[in-house]
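Naming: A, B, ... by sequence-line order, numbering from 1 per chain. What's counted below: heavy atoms across the whole structure, side chains too, no hydrogens, waters or symmetry copies.
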There are 2 protein chains.
Amino acid sequence: MDVSVPHKPSFQPLYQQVKDTLLKRIAAGEWPPGTFLPSEYALAREYGVSQGTLRKALNELTAEGRVVRYQGKGTAVPTFDADQHLYRFFQIVNKQGGHEFPVSQIHCARVEKASKEAVAFLKLETGAKVFRLERVRVLEGVAVINERIYLPCACFPGIESYGMNTLPNTLYDFFQKKFQVTVVQILEDLKAVSADATDSKRLDIPVGYPLLSIRRIALDLEDRPVELRLSRCNTAGHTYHIQLR
Amino acid sequence: MDVSVPHKPSFQPLYQQVKDTLLKRIAAGEWPPGTFLPSEYALAREYGVSQGTLRKALNELTAEGRVVRYQGKGTAVPTFDADQHLYRFFQIVNKQGGHEFPVSQIHCARVEKASKEAVAFLKLETGAKVFRLERVRVLEGVAVINERIYLPCACFPGIESYGMNTLPNTLYDFFQKKFQVTVVQILEDLKAVSADATDSKRLDIPVGYPLLSIRRIALDLEDRPVELRLSRCNTAGHTYHIQLR
DNA sequence: AAGTGGTCTAGACCACCTT
DNA sequence: AGGTGGTCTAGACCACTTT
């Protein structure tokens, strides 16, 4: 591989450099979501490295959820509506531990000036515009999650033109298809809170009822925050499920 | 590697077989926690495989948290009091996102017959004995977590002899050192609940106050459940933090 | 049959730790 | 200096998918 500056200061393995440039090319849209990358051999030849080295780079990208590999077929950039990524970031399960497909009722969708909270978590300039989306997610007929979502308008140009009737259920798929924004990582902070008047109305529960509060920040391929989501969940019939190693 | 039966039915790669037998040897205590395995070359020679194949097996065990590797030193079985594993399964952070060392106040420590819940989650026989431990965890002087822990007596022979004054703060380290039980995986279900009378007294909060309820099942090296832990957390000053990819 | 990713080898050399 | 894990290569062959 051609490297203009030799790596004296801090050693960087070859596969790491290959991985970084591959990620940049994916982020730049050279291989749009749903399409396949060139084969290992083709890429190895292009970079002038061995198949094993290129393979190691691709395997790391796989582990980070940035590509998906299929034996006999090839290496693809994943989409949310396929590749088993539907529930990748959806941790709410029912009592049997199963996922349910959520339906959304949208209560609010408009552009506004970013609040201090949004500025802080989305790393925006003060005064930046955000798209505010409020919706209730319904699982098997029951209103379970009341959530408020902030999207930086700079990341989603033209999102103002979408409204209550044109916004889809599955946002991350929508981000990818319409705005070339791919969410690959999620940071969440969980708390227990009491239902306020809005929660009470939208989730049909008494004021003061305990809710699971989730503050989510979604990061794109290049680790930039692209969504702040504040969810308040009724956990009477559902739980937030996690596995750690 | 010697394999008596060829792998006709479902293909099993060599490194997978090596990995499985290595894991069995670790679980059997051949290399106790804190000690080092033989070098890659020594193990490769022993199994009659190449260094690369043995390496792949060890790398998978590393990814699963079953061994720790140090360049220039060797491959070790991790302990909880070292190897950066102190906070591996401790997701509660303060407002600055930092971990705090928890101190415990023990309220109850005794053997009893397993409840239906304990039987179900710990996969016990009905009537099996468990060790019940109730404690409050104090972070920077504030009582934050009220928890009840059930341990199968079969997994921890002789644990009856420990009491309120001899049980340590960090249980997983204690499990490993005294009972050769290594926790490598955690399953958790989170809910929001209201504080009951006991929570109120122990955490110095009003009855009805919203608490984060965590049901944790801890699994050992061979994926057997070894602990059921029911925690109720005051999230006024702390949050449960998670990162997903 | 051809093309893809997945496994395995043997050997070389590099980076890091200990002595 | 010697030992350990970490990288890299070149080439072989296997398993899976598609044509």
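Mapped onto DNA chain D by nearest heavy atom, B/Ser39 and A/Leu54 fall at different nucleotides, with B/Ser39 at the one closer to the 5' end. Residues B/Ser50 and B/Tyr41 each lie close to DNA chain C; by heavy-atom proximity, the contact nearer the 5' end of the strand is made by B/Ser50. Mapping B/Gly74 and B/Gln51 onto DNA chain D by nearest heavy atom places B/Gly74 at the nucleotide closer to the 5' end.
Contact annotation: A/Lys73 side-chain N/O to D/dT18 OP1/OP2 distance is under 4.0 Å. Between A/Thr75 and C/dT4, a side-chain N or O to OP1/OP2 separation shorter than 4.0 Å is absent. Considering only side-chain N and O atoms, A/Arg69 lies under 4.0 angstrom from the phosphate OP1 or OP2 of C/dG6. For the OP1/OP2 pair of D/dC8 and a distance below 4.0 Å, the side-chain nitrogens and oxygens of A/Lys56 include no atom meeting the criterion.
Taking atom OH of residue B/Tyr15 and atom C1' of nucleotide C/dC8, one finds them 12 Å apart after rounding to whole Å. Atom NZ in A/Lys19 sits about 16 Å away from atom P in D/dG6, given to the nearest Å.
Of the candidates C/dC13, C/dG6, D/dT7, the closest approach to any side-chain atom of A/Arg55 belongs to C/dG6. Here the nucleotide nearest the side chain of B/Thr53, chosen from C/dG6, C/dT9, C/dG11, is C/dT9. Picking from D/dA15, C/dA15, D/dT9 the nucleotide with the shortest atom distance to the side chain of A/Phe11 gives C/dA15. Closest to the side chain of A/Glu40, out of D/dT7, C/dG5, C/dT7, is C/dG5. Side-chain proximity of A/Gln71 to D/dG5, D/dC16, D/dC8: nearest is D/dC16.
Under 3.5 Å, the side chains of B/Gln12 and B/Gln17 contain no donor-acceptor pair of N or O atoms.
Aromatic ring pairs are classed by plane angle as parallel below 30°, tilted from 30° to 60° and perpendicular above 60°; the pair B/Tyr162 and B/Phe174 is perpendicular.
Side-chain N or O atoms of B/Gln91 include one that pairs as donor or acceptor with a backbone N or O of B/His241 at under 3.5 Å. With hydrogens and angles ignored, the 3.5 Å screen pairs no side-chain donor or acceptor of A/Asp189 with any backbone N or O of A/Arg215.
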